Amino acid sequence: MAERTRFIEGTWNCTSCDTRDILARHRSCPSCNNPREETGQESEFDFGDVDASTGKSLREGVTDEKALSAANAGADWFCDYCSASNRGDTPICRHCRAERSSTSRALFEGSEEPLEPQAPPPAPAQPGSRRWLYVGLGILAFFGTCMFWGSRTHGVTGQVTTTEWTRTVHRETFQRVSREGWRGELSTRAPRMPVSGSGEVAGVENIRGCFPRQRGTRQVADGTERVCTTKTRQEKCGTTEKCTRQKMANGYMKETCRDEPKYCGKSYQDCDTRTRYRSEPVFDVSCTYNTYVWQQVDTQVESGRDSSPRWPELRPGVHDRLRREEKYAVHIGYDDGGDKEHVHEPKSEAEFLSWKRGQSVPLQVNNFGSADIVAGDAVR
Ligand SMILES: [Zn+2]
Ligand SMILES: [Zn+2]
């Protein structure tokens, strides 16, 4: 990559007479003849503005022999006796003729500027989105506090007001039904009737009425299709100029520019040939057959508020069986800023029988108003 080099001449301000923007080539003020010194920022040169995207100086470069020679003369030095600035390549002070000594200070302008123009600062977070973040955090904190408050508990003493039991008996009988099935999955098997509600076999009998029926679908290859999507890739699209600058510590600045490839997003079609599929029905043979299943034929319910749960009377027939369900409830009343009730459901008859009407029950009530029996005390 070809590089282009230019020298940019800086300007300085005279602190003796206040003349401004004096070209660096003048080592003494054209108005008052005061020599340029290190003090009073006289040797802090201004090089003008720079294009933000390329880093290129907006000033013209110097081309005359004299200026180029001054730019390449090295860092200025300041005379120990009269403080005047001198070219880096002259050993004698042009102002007072004193010799440059080992203690003479040289102008120092810091290190080379960054190679690349400054990247734009990261976009500040959108104030809107940040505000919503805070709102979200606030809501979370609010609900967190509520959950904490709600889960706080206090103790009360309740009393058993009612005990309830409900017992249900279902009578089921082993009955012949007709069903449909796929022929390949059916084979004749004799049924067996239950004895005392068990040992039954459902069986498959009298397979009949077979006819083809759709059982499902399958995907079948049906040619190909071309599928295209629009994608973007980075392609070289010309060049862009990038410049770096280096202060020469003598009122001149060296600027080096080169062309770097520029990349642009180009869209293109990404195409692919794919197999196309179509849906095709799949047929099988469906048949009717006989089998036996348990079917509910009767239900009896009995309930009470006493302490002696009973099963309803239901006599099973010869091919029957009985299925039993039991449910218990203990109502515990308590006072918590008003009459409240907690319903406890014992899991077994033994546990139900351990609850007595009028019995005291310690409860834990949380701030949401839900109560729980204090474990290990009344529950066995
Ligand atoms: Zn002056
Ligand atoms: Zn001097």
Side-chain angles (χ1 to χ4, degrees), residues 2-121 240-259:
E3 283 188 347
R4 295 176 295 279
T5 302
R6 295 194 305 163
F7 286 96
I8 309 294
E9 187 172 4
T11 57
W12 60 283
N13 301 327
C14 173
T15 53
S16 300
C17 71
D18 229 12
T19 298
R20 306 189 70 78
D21 302 326
I22 305 163
L23 284 171
R25 66 187 68 198
H26 303 297
R27 292 193 175 272
S28 295
C29 171
S31 303
C32 71
N33 206 34
N34 201 55
R36 182 165 80 218
E37 296 176 356
E38 191 178 16
T39 54
Q41 301 178 327
E42 280 187 340
S43 293
E44 289 176 21
F45 301 95
D46 175 25
F47 294 98
D49 291 332
V50 167
D51 182 89
S53 66
T54 59
K56 188 171 185 156
S57 176
L58 299 181
R59 277 190 194 175
E60 288 294 316
V62 293
T63 48
D64 58 291
E65 255 339 288
K66 232 180 123 185
L68 290 175
S69 154
N72 286 305
D76 282 358
W77 60 275
F78 299 97
C79 174
D80 284 345
Y81 300 97
C82 72
S83 300
S85 74
N86 289 283
R87 270 175 74 118
D89 55 1
T90 53
I92 307 288
C93 174
R94 67 182 170 86
H95 193 66
C96 72
R97 300 270 132 211
E99 264 189 58
R100 181 179 187 170
S101 77
S102 59
T103 56
S104 302
R105 295 172 49 78
L107 180 60
F108 178 71
E109 288 186 311
S111 55
E112 192 173 341
E113 298 214 338
L115 271 163
E116 297 298 325
Q118 297 271 308
T240 179
E241 190 172 37
K242 295 284 175 204
C243 301
T244 58
R245 299 175 306 140
Q246 184 187 1
K247 290 177 177 174
M248 305 302 285
N250 54 21
Y252 293 87
M253 186 166 72
K254 185 182 184 181
E255 179 190 82
T256 305
C257 296
R258 59 184 185 274
D259 293 326

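Keep in mind that the numbers below use all heavy atoms, side chains included, and drop hydrogens, waters and symmetry copies. Keep in mind the model is a prediction, meaning the values are calculated, not measured. Numbering of ligands and ligand atoms starts at 1, following listing order.
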The Zn ion (ligand 2): angle it makes with SG (Cys79) and SG (Cys96), nearest 10 degrees: 100°
Residues Arg87, Asp89: salt bridge by 4.0 Å N-O rule: yes
Side-chain ion pair, Asp46 and Arg20, N-O less than 4.0 Å: no
Modelled atom types, side-chain donor and acceptor of Asp51 and Ser53, under 3.5 Å: yes
Metal site angle (apex the Zn ion (ligand 2)), SG from Cys93 and SG from Cys82, 10 degrees: 100°
Nearest-0.5 Å distance that lies between atom CD in Glu42 and atom CD1 in Ile22: 7.5 Å
Short N/O/S contact of His95 with the Zn ion (ligand 2) (below 2.8 Å): no
Apex the Zn ion (ligand 1); atoms Cys29 SG and Cys17 SG; angle rounded to 10 degrees: 100°
